[in-house]
Asker: 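Input: one structure, supplied below.
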There are 2 protein chains.
Amino acid sequence: MTEPRWLNADERRAWLALLSINTLLPAALDTQLQAAGKLSLFDYNVLAMLSEAEGRFLPMSELAARTSASLSRLSHVVTKLQRRGWVEREAHPGDARVTVAHLTESGMDTIVSLAPGHVDAVRALMLDAMTDDDVADLARIGEKIVARLDDDHWILRER
Amino acid sequence: MTEPRWLNADERRAWLALLSINTLLPAALDTQLQAAGKLSLFDYNVLAMLSEAEGRFLPMSELAARTSASLSRLSHVVTKLQRRGWVEREAHPGDARVTVAHLTESGMDTIVSLAPGHVDAVRALMLDAMTDDDVADLARIGEKIVARLDDDHWILRER
DNA sequence: TTGTTTTACTTGAAGCTTCAAGTAAAACAA
DNA sequence: TTGTTTTACTTGAAGCTTCAAGTAAAACAA
């Protein structure tokens, strides 16, 4: 067996920082959203992606791609959001295999009321810690990592 | 109500990239570790932190801090690791409130055998996507964000 | 056409995480 | 001392995510 290349100082710092952000940041945002509207960050993102989509609806697979989730996870969560009256499932006219998730008026009202508090939290927890150059660097480096993890991830399509 | 400041282009890119990394990277590493040894990334980190500690033991609260976890989460996971024979719980001699988690020989063997594959995965999924400068930038920016989220996080103590 | 494979989901169970409530010892306060 | 507060956990239940298995329609292959 060949000797593995261990991490050097910067690699270790970058990796540990990412790992820590990874557990702390979603937890902090979950706490804010839980207090504001009894939903999780993932729930919020599902609603947000639908609210930004044309017609406020998306096929389940496209919604799964935009939330980086598995179809199974999304299916369970949409069922929950449906019970809360925020999303509806509809048949796709052209392809009977496809389910379309549609944001309801009530769902739209919910996200509109939650958005300002959520954006404030994102600023307070992360963006306010950085200079403008840092933000640009993080965007550039972050997208490189995303490309590595999934080379046709939707956030790269916007470029 | 005052108008919220929405995210500008770079802010949105940085935020979306971080969010995507956040769901994709742990999932990919979980898959690798699950295949290699039927354990999660969090399980691995618990073992790794213990293996690096002097004497291979740490109080539960210190271990929770080093894995960015809640005590409750850690307590459940240590119970599981204990059943697999990788960790033992011991009383703290000086303070009866404290439980010390101690890595067993078997736990040490496990992490030694898993480490090379895990480090390879971290490289393949993230570090190999970046230049040396990117790594240094990410370390610097990442630590700023961590400091924002928890200003005496243990990774900042090493400086 | 007919059979086979692929796509786009859905479902239930198992396992994991969070949350609320609890225990017991240490520290502090008067 | 004695009572109160804080610290350091642990526990069980509820909710969430993953995993394995399934369904049904579309696409392809011969």
Side-chain angles (χ1 to χ4, degrees), chain A residues 22-35 37-47 57-84 87-102 152, chain B residues 22-35 37-47 57-84 87-102 152:
Chain A
N22 226 292
T23 46
L24 296 174
L25 187 56
L29 292 169
D30 267 330
T31 300
Q32 190 267 323
L33 286 167
Q34 207 67 46
K38 300 231 172 279
L39 37 47
S40 70
L41 177 59
F42 184 75
D43 297 340
Y44 178 92
N45 270 313
V46 169
L47 300 180
F57 61 83
L58 286 173
M60 293 293 278
S61 349
E62 183 57 28
L63 187 52
R66 297 202 191 181
T67 51
S68 304
S70 68
L71 263 174
S72 172
R73 179 182 185 183
L74 182 66
S75 184
H76 284 294
V77 168
V78 164
T79 300
K80 187 187 68 176
L81 298 177
Q82 214 170 358
R83 277 200 293 265
R84 297 183 70 167
V87 171
E88 277 167 2
R89 273 187 236 242
E90 286 157 17
H92 187 278
D95 187 338
R97 292 169 302 180
V98 173
T99 308
V100 170
H102 195 144
D152 50 42
Chain B
N22 226 295
T23 45
L24 296 174
L25 187 55
L29 291 169
D30 268 329
T31 300
Q32 190 267 322
L33 285 167
Q34 207 67 46
K38 301 228 169 282
L39 78 181
S40 70
L41 177 59
F42 184 75
D43 296 339
Y44 179 91
N45 270 313
V46 168
L47 300 181
F57 60 83
L58 287 172
M60 293 293 277
S61 351
E62 183 57 27
L63 186 52
R66 297 201 190 181
T67 52
S68 304
S70 68
L71 263 174
S72 173
R73 179 181 185 183
L74 182 66
S75 184
H76 285 294
V77 168
V78 164
T79 300
K80 188 187 68 176
L81 298 177
Q82 214 170 359
R83 278 199 293 263
R84 298 183 70 169
V87 171
E88 277 168 2
R89 274 188 235 244
E90 287 158 15
H92 187 277
D95 186 337
R97 291 169 303 180
V98 173
T99 307
V100 170
H102 194 145
D152 48 43

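In the text below, chain A, chain B and the rest are named by the order of the sequence lines, each starting its count at 1.
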Asker: Taking atom P of D/dT6 as reference, at what distance in whole Å does atom CG of B/L71 sit?
Answerer: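 Atom-to-atom, B/L71 to D/dT6, this comes out as 18 Å.
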Asker: Of the non-hydrogen atoms in B/A64 and B/L74, which two are nearest, and what is the gap between them?
Answerer: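 Reported closest heavy-atom pair: N-CD2, 3.5 Å.
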Asker: To the nearest Å, how far apart are A/R89 CZ and C/dA8 C1'?
Answerer: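 Atom-to-atom, A/R89 to C/dA8, this comes out as 12 Å.
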Asker: Would you mind telling me which of A/E62, A/H92, A/M60 makes a side chain to side chain contact (heavy atoms under 4.5 Å, CB included) with A/V100?
Answerer: A/H92
Asker: Partner lookup for C/dC16, please. Criteria are Watson-Crick or G-U wobble with both distances under 3.5 angstrom; report none if nothing qualifies.
Answerer: D/dG15
Asker: Counting only Watson-Crick pairs (N1-N3 plus N6-O4 or O6-N4) and G-U wobbles (N1-O2, O6-N3), all under 3.5 Å, who is the partner of D/dA27?
Answerer: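 The answer is C/dT4, by the H-bond criterion.
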Asker: Starting at CG of B/L58 and ending at P of D/dA8, how long is that distance when rounded to a whole Å?
Answerer: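 Taking CG of B/L58 and P of D/dA8, I get 14 Å after rounding.
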Asker: Treating primed atoms plus P, OP1 and OP2 as sugar-phosphate and everything else as base, which nucleotides of nucleotides 13-18 of chain D get B, S or - for protein heavy atoms under 4.0 Å?
Answerer: B--SSB
Asker: Using purine N1 to pyrimidine N3 plus N6-O4 or O6-N4 for Watson-Crick, or N1-O2 and O6-N3 for G-U wobble, each under 3.5 Å, what pairs with C/dT10?
Answerer: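 Pairing partner, where one exists within any strand: D/dA21.
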Asker: Starting at CG of A/L33 and ending at C1' of C/dC19, how long is that distance when rounded to a whole Å?
Answerer: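 Distance, rounded to whole Å: 17 Å.
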Asker: Return whichever of B/R97 or A/P59 has its heavy-atom-nearest nucleotide of DNA chain C closer to the 5' end.
Answerer: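 The 5'-side residue here is A/P59.
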Asker: Would you mind classifying the nucleic acid contact of A/D30 as base, sugar-phosphate or nothing, using non-hydrogen atoms under 4.0 angstrom?
Answerer: nothing
Asker: Looking only at heavy atoms, which two atoms of B/T67 and A/T23 are closest? And how far apart?
Answerer: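 The pair with the smallest heavy-atom distance is O-OG1, 4.4 Å.
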Asker: B/Q82 has an atom CD; how far is it from atom C1' of D/dT11, in whole Å?
Answerer: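 Rounded to the whole Å, the gap is 14 Å.
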Asker: If you pin A/T31 and A/T99 to their nearest nucleotides in DNA chain C, which one's is more 5'?
Answerer: A/T99
Asker: Distance check, rounded to the nearest 0.5 Å: A/R89 atom CZ versus A/S75 atom OG?
Answerer: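 So the CZ of A/R89 and the OG of A/S75 are separated by 4.5 Å.
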Asker: Among the nucleotides D/dA25, D/dT10, C/dC9, which one has an atom lying closest to any side-chain atom of A/S61?
Answerer: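 Comparing D/dA25, D/dT10, C/dC9 against the side chain of A/S61, the answer is C/dC9.
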Asker: Whole-Å distance between C/dA8 C1' and A/D95 CG?
Answerer: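 Going from A/D95 (CG) to C/dA8 (C1'), I get 8 Å.
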Asker: Looking at B/K80 and B/D43, is there a salt bridge between them, counting it only when a charged N and a carboxylate O are closer than 4.0 Å?
Answerer: yes
Asker: How far does NE2 of A/H76 sit from OG of A/S70, to the nearest 0.5 angstrom?
Answerer: 8.0 Å
Asker: Whole angstrom is fine here: how far is it from CG in A/L39 over to P in C/dC19?
Answerer: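 Taking atom P of C/dC19 as the reference, CG of A/L39 is at 13 Å.
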Asker: Ignoring hydrogens and angles, tell me if any N or O in the side chain of A/D30 forms a donor-acceptor pair with the backbone of A/S40 under 3.5 Å.
Answerer: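 Between the backbone of A/S40 and the side chain of A/D30 there is no qualifying donor-acceptor contact (under 3.5 Å).
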